[in-house]
There are 4 protein chains.
Amino acid sequence: MSNISHRRWSQSATLHGCMMDGRPANDQSPWMPFESRRRARDEKREAVLRTAVQLFLEQGYHRATLNEVAERLNITKPALYNYFRSKDEILFECWALGQEQVDEFIAVINRSGQNGLGKLRALVRAYAGTMATDFGASLVRFDPRDLKPHNAQTVRDAKRSIDRTFRRYIAEGIADKSIKPCDPKLAAFAIAGSLNWIGHWYQRGGPLTPDAIADEFAVRLTEGLAAPSIKKSVVKAPTATKKK
Amino acid sequence: MSNISHRRWSQSATLHGCMMDGRPANDQSPWMPFESRRRARDEKREAVLRTAVQLFLEQGYHRATLNEVAERLNITKPALYNYFRSKDEILFECWALGQEQVDEFIAVINRSGQNGLGKLRALVRAYAGTMATDFGASLVRFDPRDLKPHNAQTVRDAKRSIDRTFRRYIAEGIADKSIKPCDPKLAAFAIAGSLNWIGHWYQRGGPLTPDAIADEFAVRLTEGLAAPSIKKSVVKAPTATKKK
Amino acid sequence: MSNISHRRWSQSATLHGCMMDGRPANDQSPWMPFESRRRARDEKREAVLRTAVQLFLEQGYHRATLNEVAERLNITKPALYNYFRSKDEILFECWALGQEQVDEFIAVINRSGQNGLGKLRALVRAYAGTMATDFGASLVRFDPRDLKPHNAQTVRDAKRSIDRTFRRYIAEGIADKSIKPCDPKLAAFAIAGSLNWIGHWYQRGGPLTPDAIADEFAVRLTEGLAAPSIKKSVVKAPTATKKK
Amino acid sequence: MSNISHRRWSQSATLHGCMMDGRPANDQSPWMPFESRRRARDEKREAVLRTAVQLFLEQGYHRATLNEVAERLNITKPALYNYFRSKDEILFECWALGQEQVDEFIAVINRSGQNGLGKLRALVRAYAGTMATDFGASLVRFDPRDLKPHNAQTVRDAKRSIDRTFRRYIAEGIADKSIKPCDPKLAAFAIAGSLNWIGHWYQRGGPLTPDAIADEFAVRLTEGLAAPSIKKSVVKAPTATKKK
DNA sequence: GATGAATGAGTCTTCATTCAT
DNA sequence: GATGAATGAAGACTCATTCAT
C-alpha cells in the first residue's frame with residue numbers, strides 16, 4: 001500500500017527548487033536525458049497544477065472531478081496519478097505554490113529596513129497582488145479540511161504565520177510610532193480580511209487591475225492606522241510576487 | 001442497531017413546552033392542537049437548520065452528511081425529508097435565515113435619519129455581529145454553486161444587493177461630506193471583506209465577544225474614511241437583529 | 001406480526017358480494033347504522049380503487065405512488081391503509097374488479113345455447129368492451145409479478161382459465177362445424193392478443209367508441225375462422241358487463 | 001467480500017476469441033490492438049444488453065436491479081457505467097436493438113415488389129419472428145415512460161411508424177384488390193395486437209417454434225382480409241432479420 | 001508513461017409502511 | 001377513522017483510486 005516514500009512538504013519550495021535545479025543542465029553530462037526527463041516531468045506536474053487550480057476555483061474542489069482536470073489536459077484520469085498520489089495532494093500543491101509567493105515577499109520585506117508602517121504597506125500591496133492570482137486565491141478559497149491531516153496542519157501553521165507577520169509589523173509600527181496605537185490582533189484581522197476577500201471576488205479580465213487594487217488597498221487599509229505625521233508617505237511594494 | 005428508542009429533538013426546549021400544552025389544549029381554543037402541531041413542525045424545521053448549519057460550518061457542506069445531521073437530532077435521515085426536499089434546500093434555508101437578519105437591520109438603518117458615515121458605521125456594526133452567528137457565517141461560508149440554479153441566483157442577487165448598500169452609504173457619505181472622497185466600489189470591497197472574513201475566523205467561545213468585534217470594526221474600518229470633522233462620533237448600531 | 005387474519009381472494013367477488021349484501025338493508029334492523037357504516041366503507045374502498053386504477057394505468061404501477069393516489073382522493077396516505085393492507089393489494093383488487101366482469105359475461109355466454117362460433121363472437125365482443133374500461137385494461141396492463149405470490153397465482157390461474165375458454169369455444173365450433181378446422185391454441189392466442197392489445201392502445205375520448213371496436217373486432221377476428229355458410233351471422237353480446 | 005476474483009463475461013464467446021488475438025497482433029497491423037480493444041468494448045456492451053434484456057423480461061424493469069445485471073456478468077455495478085450512462089439508457093438500447101430488426105425487415109419488404117397482401121403477410125411473418133426474440137419482445141414489454149423524455153419520444157415515433165406501415169400495406173392491398181375493403185386502422189390494430197401479444201406469452205423452449213408461430217400467424221391473421229381470388233398465396237418472409 | 005476497465009465506498013433520495021395521537 | 005411523523009429498506013449513481021496491459 002504505502003511502498004512509496006512519503007514526500008513531505010518542508011515549508012518551502014519543492015517545486016520552486018526544482019526549477020532552479022536547471023543549473024546542472026548546462027553541462028553535457030551523460031545523464032542529460034535523465035535530467036531532461038525530469039524537467040519534462042516537472043513541467044507536466046506544473047501544467048496539471050495550473051489546470052487544477054483553475055478548475056478548483058471555477059467549480060469548487062468537490063464539484064471538480066479529476067476526470068475534468070484530465071480532460072482539459074488532454075490526458076486521462078489515471079495519468080494524473082503519475083504525478084500526484086491523490087486529489088487532495090493536488091489541492092495541497094496548488095496551495096503550496098501560492099504560499100511560496102507569500103513566503104518570498106515576506107522574506108523580502110523582512111529584509112527591507114523599513115519601519116512598521118512601511119513594512120505593513122509593503123505587505124498589503126504584495127499580498128493584494130498575490131490574491132489576484134490563481135495560486136494566490138487558492139490560499140483562501142481552498143479548505144484545509146479537504147487535506148490529509150498532515151498537510152492540513154501545514155496549511156494552518158502557514159496561515160498562523162502570516163497572521164503573526166501582520167501583527168508583528170503592526171506592533172513594530174506602534175513601537176516605532178509609525179502606526180497609531182491600536183489592537184494589533186484586530187487590526188490584523190481587519191486588514192487580512194479585506195485582502196483575503198480579494199481572492200473571492202477578483203475576476204481576471206474585470207475593470208480592476210491587480211496593481212490598481214494593490215495600490216488602493218495599500219493606502220486605504222493603512223491610512224486609518226498611520227500616525228498623523230507620516231500619513232502621506234506611500235511605499236512601493238517589493239516586486240517579488242512571482243507570477244511565472 | 002436500534003439503540004435509538006426515544007426520539008428526541010435535543011435542541012428544542014420550546015418544542016418540549018409544546019408537547020406539554022398538548023393536553024391542556026382541550027380547555028381553550030379548538031384549533032389549539034392544530035396550532036400546536038404547526039408550531040411543533042416549525043420548531044423542528046428550525047432545529048434541523050440549527051443542527052445543519054453547525055455541521056456544515058464544522059465540516060463543510062460536502063463532507064457533512066445528512067446522516068450525521070439526523071444522528072445529532074436523534075432521528076433518521078429520511079425523517080429530514082419531512083421538512084426539506086433536499087440537502088441543498090437545507091443549505092439554502094440556512095443561508096436564508098442569515099440573510100433575513102441582514103435584510104432586517106438594513107431596513108432599520110435605511111429608515112434611520114443618519115448621514116452616510118453614520119449609516120455605514122451602523123451597517124458595519126450590525127454586519128459584524130451577524131457574522132459572528134452561525135446563520136450569519138453561512139452567508140459567506142457556503143457556496144452558492146451547491147444550490148439549485150434558482151436558489152443560487154437568489155443568493156447572488158442578495159449578495160449584490162448588500163454590496164450596493166455598502167456603496168450607497170459610502171456615496172451618500174461622500175455627498176453629505178461625512179466621508180472623505182474615495183472610490184466607493186473599492187472601499188466597499190475593503191470593508192465588506194474585513195467583515196466577511198469574520199465569518200471565517202470567529203470562533204464562539206474565543207476571547208473576543210461579538211460585540212467587541214463589532215465595536216472595534218465599526219471604528220477601525222471607517223476611521224480612515226471619516227472626514228476630519230466627525231472622525232470621533234461613534235454610533236450605536238440598531239439592535240434590531242435578533243429574530244426570535 | 002401477522003395478527004391480522006389473511007383475507008384471501010376466493011376467485012369471485014368479495015367486493016361484488018358486498019354490494020349484494022345490500023339485501024338485509026331493506027329491513028329496519030337496529031344495526032342499520034352498522035350496515036350503513038359498512039356500506040360507506042365499501043364506497044370508499046371503491047373510490048380508492050377507481051382512483052388507483054386510473055393512476056396505475058396513467059403512470060404505471062411503480063411510478064405511481066400511494067401519495068398521489070391519496071392526494072387525488074383528498075385524503076392522506078396512511079388513510080389508505082384503513083381499506084387496504086398494501087399497495088399490491090390495491091393492485092390486486094383492481095385486477096379483481098376487471099376479472100369479475102369477465103367471469104360474469106363468460107358465465108352468461110356459457111349458459112347461452114349458441115354454437116361455437118356464436119359463443120366465440122359473443123366472447124370477443126364482450127371482452128373487447130371490457131378492455132376499453134379501466135378495470136378491464138388492468139387485466140392486461142398490470143404485472144402479476146408485482147403481487148404477492150398467492151395473488152399472483154390467482155391471477156395466473158384466471159388468465160389460464162380465460163385462455164381455455166377461448167380454446168374451448170373454438171374447439172366447440174370446429175366440432176359443430178361453425179368454425180373451420182384450425183389449431184385452437186394458436187387461434188386463441190391470435191384472437192386474445194388482438195383483444196388484449198386494446199387495453200394498451202384504447203384511449204377514452206378517442207374517435208373510436210368501445211362498441212364500435214367491439215363490433216368490428218367481433219367480425220374481423222372471426223371471419224377468417226368462420227365456416228363459409230354462416231360467415232355473416234353476427235351475434236349480440238350479452239350486455240352483462242357494466243357494473244355501475 | 002472479494003470472492004469475485006476472475007472477472008468473466010460469461011456470455012462472450014467472441015470476446016474470448018478477441019483476447020486470444022491480442023498477442024498475434026504485433027505481427028500484423030499496428031492498430032490491431034486498438035481495433036481489438038474497440039471490438040472487445042462493443043462485445044461487452046452487447047453482453048450487458050443481452051443480460052439486461054433477459055433480466056428485464058424475467059423480472060420487469062423496476063424489480064430488476066443493476067446489481068443483479070452486474071452479478072450475472074460477474075462484474076460490479078459501477079462497471080456498467082463504463083458502457084451506459086444510466087439504467088434507462090440500457091433499457092433504451094435494448095429496445096433499439098429490437099427496433100433495428102424491425103427497421104431492417106421493413107426496409108426489405110418495402111423494396112420487394114409484392115402487392116399489398118404479400119407485403120402484409122411478409123410483415124406479419126417477420127414481425128412474429130422478431131417478437132419471439134428477447135430484443136424483439138422488449139419492443140412491447142418495456143414501458144417508454146421509464147425512459148428519458150427524448151428517448152421516450154423516439155420510441156413513440158417508432159411505434160407510430162410501425163403502425164403506419166401496417167396500415168399502408170393494408171391500404172395498398174385494398175387499392176390493388178389483394179385485400180378486401182375494410183378499415184385499415186382497426187385491421188392494423190387487430191393484427192399488430194396479435195403479434196405484439198406474442199412478446200408477452202412466447203417462452204423460449206416451449207412447444208412452439210418461432211417459425212411455426214410466424215407461419216401460422218401469417219396465414220391466420222390475413223386470411224380474413226384476403227380477397228377471394230388470391231387467398232391461397234403464401235409468402236416467404238425476407239430472411240433479413242438476424243443481425244449477428 | 002499512459003490507458004481502459006473495474007472497483008468499493010459512500011450519499012442522496014424515494015416510498016411503502018407503521019405508530020402515536 | 002384519520003393524520004403527521006418517522007422509519008427502514010433499497011437502489012441509482014458518482015468518483016477517487018487501482019490494476020493489468
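Letters A, B, ... are given to chains in the order of the sequence lines, protein chains preceding strands, and every chain is numbered from 1.
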- Task: Identify whether the distance between the nearest side-chain nitrogen and carboxylate oxygen of D:Lys148 and D:Glu89 falls below 4.0 Å.
- Result: no
- Query: Between atom CG in D:Leu66 and atom P in E:dA6, what is the gap in whole Å?
  - Reply: 15 Å
- Item | Minimum-distance pair of heavy atoms, taken over all atoms of B:Cys94 and B:Ser138 | O-OG, 3.5 Å
- Item | B:Phe84: ring pair (Phe, Tyr, Trp, His ring centres under 6.0 Å) partners, not counting sequence neighbours | none
- Atom-to-atom span, NE2 of A:His62 to P of E:dC12 - whole angstrom: 12 Å
- Query: Quick one: does D:Tyr61's side chain have a donor or acceptor within less than 3.5 Å of a partner on D:Leu55's backbone?
  - Reply: no
- Query: When you measure from every atom of DNA chain F, which of residues 72-79 of chain A have a heavy atom less than 4.0 Å away?
  - Reply: A:Lys77, A:Pro78
- Message: So, under a plain 3.5 Å distance rule, would you say the side chain of B:Asn82 forms a donor-acceptor pair with the base of F:dA5?
- Response: no
- Item | For atom CG of A:Asn67 and atom C1' of E:dG4, their distance in whole Å | 12 Å
- Query: What's the CZ-C1' distance between C:Arg45 and F:dA2, to the nearest Å?
  - Reply: 18 Å
- Item | Donor-acceptor contact below 3.5 Å, side chain A:Arg145 vs main chain B:Glu58 | yes
- When you match C:Lys87 and B:Ser86 each to their closest nucleotide on DNA chain E, which lands nearer the 5' end? B:Ser86
- Between F:dG11 and D:Tyr61, is there an OP1 or OP2 to side-chain N/O distance shorter than 4.0 Å? no
- Task: Write down the distance between NZ (D:Lys44) and C1' (E:dA5), rounded to a whole number of angstrom.
- Result: 6 Å
- What is the distance, rounded to the nearest whole Å, between atom CD of C:Gln59 and atom C1' of E:dC15? 14 Å
- Message: Using a strict threshold of under 4.0 Å (side-chain N to carboxylate O), is an ion pair present between D:Lys77 and D:Glu68?
- Response: no
- Message: Using whole Å, what does the distance between atom P of nucleotide E:dC15 and atom CG of C:Leu91 come to?
- Response: 17 Å
- Calculate the interatomic distance between B:Asp88 atom CG and E:dC12 atom C1'; express it in whole Å. 11 Å
- Does D:Arg41 place a side-chain N or O at less than 4.0 Å from the phosphate oxygens OP1/OP2 of E:dG4? no
- Selected nucleotide, minimal atom distance to D:Tyr81 side chain, candidates F:dA2, E:dA5, F:dC13: F:dC13
- Report the secondary structure of DNA chain F in dot-bracket form, marking unpaired bases with a dot and bases paired to a different strand with |, and treating Watson-Crick or G-U pairs with both distances under 3.5 Å as paired. .||||||||||||||||||||
- Between C:Val53 and C:Phe142, is any pair of side-chain heavy atoms under 4.5 Å apart? yes
- Query: Which heavy atom in B:Arg41 sits nearest to a heavy atom in B:Asn82, and how many Å separate them?
  - Reply: NH2-O, 2.7 Å
- Task: Pick base, sugar-phosphate or nothing for A:Ala64, based on heavy-atom distances below 4.0 Å to the nucleic acid.
- Result: sugar-phosphate
- Item | Exercise: identify the closest heavy-atom pair between C:Ile90 and C:Val48 | CD1-CG1, 4.4 Å
